[in-house]
Amino acid sequence: MSKTTTYTKPMVYVLNPSCQIEDLEIGSDYEGVITRVEKYGFFVSLSKSVYGLLRTRNPKEKVGDKIVVKISEIKPHKGKMDVDLSYSKTRYGSDYEKVPVKRSVKKTKVKDLTEDLIGRNVAIQGEIIQIQQTSGPTIFTLRDETDITWAAAFNEPGVRMYPELEVEDVVEILGEVSLHSGKIQIESESIEKLPEDEEEAVRRAIDMAVDKKAESPDTSVMIESEVLDKLRPKLAAAAKAIRRAILDGRSILVRHHADADGICSGIAVEQAVLPLLREESNDADAEWHFFKRSPSKAPFYELEDVVKDLSFALEDQERHGQKLPLLVLLDNGSTEEDVAALRHSKVFGVESVVVDHHYPGEVEDGRSLIDDYVDIHVNPYLVGGDSQLTAGALAVELAGMINPDIRDKIRHFPAIAAVGDHAECDEVDQYLEIAEELGYSREDLDRVSTCVDFEAYFLRFNNGRGIMNTLLGLEDRERQEELLDVLMSESDKRVDTQLKAALPNVETVYFDNGIQLNRLDVEKYAHKFTYPAPGKTTGYVHDKLVQEKGEDKPIMTLANGPDFAVLRATETIKNDFDFNLNNVITKIQEELPQAGVDGGGHEVAGSLKFVEGLRDEVLDLFIEDVKDLKRD
C-alpha cells in the first residue's frame with residue numbers, strides 16, 4: 001500500500017454518557033475528564049459509568065483537566081472489568097476529528113416494554129409530552145407511535161435534569177427498564193434530541209398513530225333525533241379533540257354555566273375524562289394537574305374568566321413547560337357576548353370547543369358569528385334545531401363518545417338538565433323515559449335540578465365536585481336522598497320567603513294581542529344577596545303565575561333592577577308570536593345605542609343589561625315591541 005502525503009486528522013472518540021465498557025475499542029483514542037489523582041497515576045472518566053486508570057508516577061495532572069487517552073487494555077479484575085489507559089499522541093484541544101459514540105442498544109417500541117425487560121437496557125425514541133419536576137427526579141413522559149412511557153432522570157434531589165429539553169422535543173432515551181408504582185418506567189442514562197431527519201420521521205409516525213387512537217370508539221347516541229343525527233359529526237370531532245388533548249399531555253379546561261343544565265354538562269365531561277387521564281399519566285395527581293372544571297355565573301364566557309384562565313395557562317407554560325390547555329365551553333360560548341373573550345384566547349393560540357344551546361344569532365351555511373373564533377362549535381341551531389335540546393343532553397352524548405365506559409353512569413343527566421331548563425321537545429320526552437327506567441320520576445328530577453341550582457348559588461366559583469356528584473346520583477343513592485331532603489326543605493323555605501315579598505308587588509297588564517305581561521321591580525320587592533337571586537326569583541314568580549293560567553297561554557314576566565332586566569315567557573309566545581329575546585335586544589341596541597344594551601339567552605328566557613339612567617327608555621321600548629307582536 002503506497003503512502004500519501006495528504007494530512008489526515010487523528011480521530012478521537014467521545015463517548016455518550018450512557019456508554020458502557022463494551023462500547024470501547026482497544027487502541028483507540030478517547031476524550032475524558034480526570035476525576036481522581038493518586039501517586040501511582042490518575043483516573044479518567046470517559047462516560048457516566050466508564051472510567052480507566054492511567055498509571056504514571058507523581059502525575060502533574062489535576063482533577064477536572066480534560067485529556068485525550070488511549071485504551072491500552074481491558075481486563076477482568078475481582079469480578080469486574082478494568083480499563084488501562086495510556087497517554088495519546090493527540091493532545092486535548094489540538095486539531096483532531098471528534099467522533100461521537102452512542103451506546104449500542106437495541107431500539108425498543110413502548111408497547112414492547114414489559115416486566116420481562118426489567119433490569120435490561122433499552123433505547124426508546126419518541127416525543128416528550130410532559131415534563132414533571134419532583135422533589136427527587138425529573139420525570140419525562142415520552143410517547144412513540146405505539147404508547148406512552150415515563151423516564152426518570154436524576155442527579156440531585158429536586159434539580160431539573162436536561163434543562164435544554166422542552167415539551168414536544170423528539171428524543172432518544174437510553175436507560176434501564178424498571179417498575180415504579182406498578183407502571184413500567186425507564187431509569188434514564190441519557191436523553192438526547194434526535195437529528196432533524198430522524199425527528200421528522202418519528203414525529204410523522206407518532207402523529208398518525210395518535211390521531212387514529214384519538215378517534216372515538218363509539219359515536220352512537222342514546223335517543224332517536226334528527227337534530228342529534230345532524231350534530232353527530234361535530235360531537236365526534238369534539239370528542240376526538242378532547243381525547244387527543246389527553247394523549248398529547250395537554251390540560252383540559254372546562255367552563256360551564258353554573259345552573260343545573262351547565263353543571264350536568266360539566267360533570268358529564270369530567271366523568272368521561274378523568275378515567276382516561278389516570279390511565280394515560282404516570283402522575284398520581286393527573287386529574288388535578290391536567291383537568292380543571294370551573295362554573296361561570298353568566299351564561300357566556302366573560303372577559304373576567306378568560307383573563308384568569310389565560311393567566312394560569314401561560315404561567316404553567318412558563319414554569320412547568322406545559323402546553324396551552326384545550327378550552328371546552330359547555331352551556332355557554334355560542335352567543336355574541338362570548339366573542340370578546342374567545343377572541344382574547346385566540347390571540348394566544350388556545351384551541352377551543354363549544355357545546356351550547358343558546359341562540360347563536362344568524363346562521364348561514366351551518367355557521368354563526370362565533371365560528372370565526374372557535375375550532376369546534378356544536379349547537380342545535382346550526383342544524384335547524386333550537387334551545388329545547390339542552391347543553392346537558394349534548395354534553396352527555398359527547399361524554400359517551402369520549403369514553404363509552406361511563407355512559408351508564410350518566411344516562412339520567414339529560415333529563416335533569418331538561419327539567420332544570422324547562423325544556424320541552426320530543427328528545428326531552430325520550431330522555432325522561434330513560435330516567436324513569438333508572439328510577440327517576442319527573443318529581444325526582446325536579447328535586448335534583450332545584451337542589452343543584454341551590455347548592456351552586458352558595459358554591460359560587462367552586463365546582464363542588466364531591467357535593468354535585470352526590471346530588472346527581474353518581475355515588476351513594478341513600479346519601480343522595482338524604483342530601484336532597486335537607487336542601488329541598490331549605491330551598492323551599494327561602495323561595496317561599498322571596499315569593500311572599502315579590503308576588504303582591506307584581507303588576508299585570510293585558511295587551512290587545514292577548515299577551516299577559518307581568519312586571520316586577522326586584523330591586524324594591526325582593527330580598528337582596530340571598531337565594532334565589534334575581535334571575536331565579538323571576539323564574540319562580542313566572543312559574544307561579546303560569547300555574548294559575550296554564551302553559552298554553554301567552555304569558556311573559558319581566559323583572560328589573562336599576563340596570564338590568566330578566567325575562568321569562570311561555571313557549572306559546574315563541575311559537576305563536578315568533579318572539580325571540582335576542583332579536584328584540586338587537587333592535588333596542590339600534591334604536592337606543594346610548595343605553596349600552598347587552599344580554600341575551602334563549603328565545604323566551606334571558607336577561608338584558610343597560611345604563612341605569614336610561615332604564616325607563618329601554619324598558620318602554622321593550623314593552624312597545626311586545627305590544628306590537630302579532631300572532632302568526
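Since the model is a prediction, treat every value here as computed from it, not as a measurement.
Taking the side chain as every heavy atom from C-beta outward, Ile252 and Pro325 never approach each other to under 4.5 Å. The closest side-chain heavy-atom distance from Leu228 to Leu394 is below 4.5 Å. The shortest side-chain heavy-atom distance between Glu337 and Tyr301 does not fall under the 4.5 Å cut-off. Between Ile131 and Ile139 there is no side-chain heavy-atom pair separated by less than 4.5 Å. Val110 places none of its side-chain heavy atoms less than 4.5 Å from the side chain of Ile148. Residues Ile402 and Ser216 are not in side-chain contact: their nearest non-hydrogen atoms beyond the backbone lie 4.5 Å or more apart. In this structure, the side chains of Thr149 and Ile173 stay at 4.5 Å or more apart for every pair of heavy atoms. Contact annotation: the side chain of Leu24 approaches that of Val83 to within less than 4.5 Å [non-hydrogen atoms, C-beta and beyond].
Nearest heavy atom pair, residue Val396 against residue Met222, reads CG1-SD, 3.8 Å. What you find for Ala258 and Ala456 is that their closest heavy atoms are O-CB, 3.8 Å. Across all their heavy atoms, Thr35 and Ser45 have their closest contact at CG2-CB, 3.6 Å. Between Leu398 and Ala239, the closest heavy-atom pair is CD1-N, 3.4 Å. Closest heavy-atom contact between Thr90 and Val68: O-CB, 3.4 Å. Scanning all heavy atoms of the two residues, the minimum distance from Ala245 to Leu326 falls at CB-CD2, 3.9 Å.
Counting non-hydrogen atoms of neighbouring residues, nucleotides and ligands closer than 6.0 angstrom, the CE atom of Met11 reaches no more than 12 such neighbours. The number of heavy atoms from other shown groups lying within 6.0 Å of CD (Glu200) does not exceed 12. Counting heavy atoms of neighbouring residues, nucleotides and ligands inside a 6.0 Å radius, atom CZ of Arg160 exceeds 12 of them. Other residues, nucleotides and ligands contribute at most 12 non-hydrogen atoms within 6.0 Å of the CD atom of Glu304. With a 6.0 Å radius and a threshold of 12 heavy atoms from other residues, nucleotides or ligands, Phe312 has its CZ atom at or below the threshold. Residue Glu164 qualifies as enclosed at atom CD: its count of foreign heavy atoms under 6.0 Å is above 12. Annotation for Phe291: atom CZ counts as buried by contact number, over 12 foreign heavy atoms lying within 6.0 Å.
Electrostatic pairing of Arg244 and Asp207 counts as a salt bridge here, judged by a charged N lying under 4.0 Å from a carboxylate O. Contact check on Glu31 versus Lys98 returns a salt bridge, with a Lys/Arg side-chain nitrogen under 4.0 Å from an Asp/Glu carboxylate oxygen. Ion pairing between a basic and an acidic side chain is recognised when a charged N comes within 4.0 Å of a carboxylate O; Asp29 and Lys89 show no such pairing. Between Asp248 and Arg143, at least one side-chain nitrogen of the basic residue sits less than 4.0 Å from a carboxylate oxygen of the acidic one, meeting the salt-bridge criterion. Between Glu215 and Lys213 there is no salt bridge, since no side-chain N of the basic residue sits under 4.0 Å from a carboxylate O of the acidic one. The existence of a salt bridge linking Glu127 and Arg203 is confirmed by a sub-4.0 Å separation between a basic side-chain nitrogen and an acidic carboxylate oxygen. We find that Arg367 and Asp372 are joined by a salt bridge, their nearest charged nitrogen and carboxylate oxygen being less than 4.0 Å apart. Lys109 has a carboxylate O that lies under 4.0 Å from a charged side-chain N of Glu145, or vice versa, which qualifies the two as a salt bridge. Salt bridge status for Lys102 with Glu172: present, with a side-chain N to carboxylate O gap under 4.0 Å. Ionic pairing of Arg120 and Glu176 is not present here: no N-O contact between side-chain nitrogen and carboxylate oxygen is shorter than 4.0 angstrom.
Of the inter-residue distances, the one linking Leu327 atom CG with Lys292 atom NZ reads 11.5 Å to the nearest 0.5 angstrom. For the atom pair CG of Leu342 and CG of Leu329, the computed distance is 5.5 Å after rounding to the nearest 0.5 Å. We find the CG-CG distance between Asn469 and Asp476 to be 12.5 Å, quoted to the nearest 0.5 Å.
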For the pair Arg465 and Glu270, evaluate salt bridge (Lys or Arg N to Asp or Glu O under 4.0 Å) and give the outcome as yes or no after the intermediate values.
CA-CA 9 Å; Arg465 183 190 289 185; Glu270 181 176 78; 3.3 Å; yes
Applying salt bridge (Lys or Arg N to Asp or Glu O under 4.0 Å) to Lys111 and Asp144, what does each step give before you reach the verdict?
CA-CA 9 Å; Lys111 72 176 177 63; Asp144 70 2; over 6 Å; no
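For the residue pair His377 and Asp371, a side-chain donor N or O sits within less than 3.5 Å of a side-chain acceptor on the partner. For the 3.5 Å distance criterion, the side chains of Glu475 and Thr470 qualify, holding a donor opposite an acceptor. For the 3.5 Å distance criterion, the side chains of Ser72 and Asp84 fail to qualify, holding no donor opposite an acceptor. Gln20 and Ser49 form a side-chain donor-acceptor contact under 3.5 Å, judged by distance and modelled atom types alone.
For the pair Lys308 and Phe461, the cation-pi criterion (under 6.0 Å, within 45° of the ring axis) is fulfilled.
Just one of Asp331, Asp356, Asp309 meets the salt bridge (charged side-chain N to carboxylate O under 4.0 Å, His left out) condition when paired with Arg255; it is Asp309.
Relative ring orientation between Phe43 and Tyr40 is described as perpendicular, the plane-to-plane angle rising above 60° on a 0-90° scale split at 30° and 60°.
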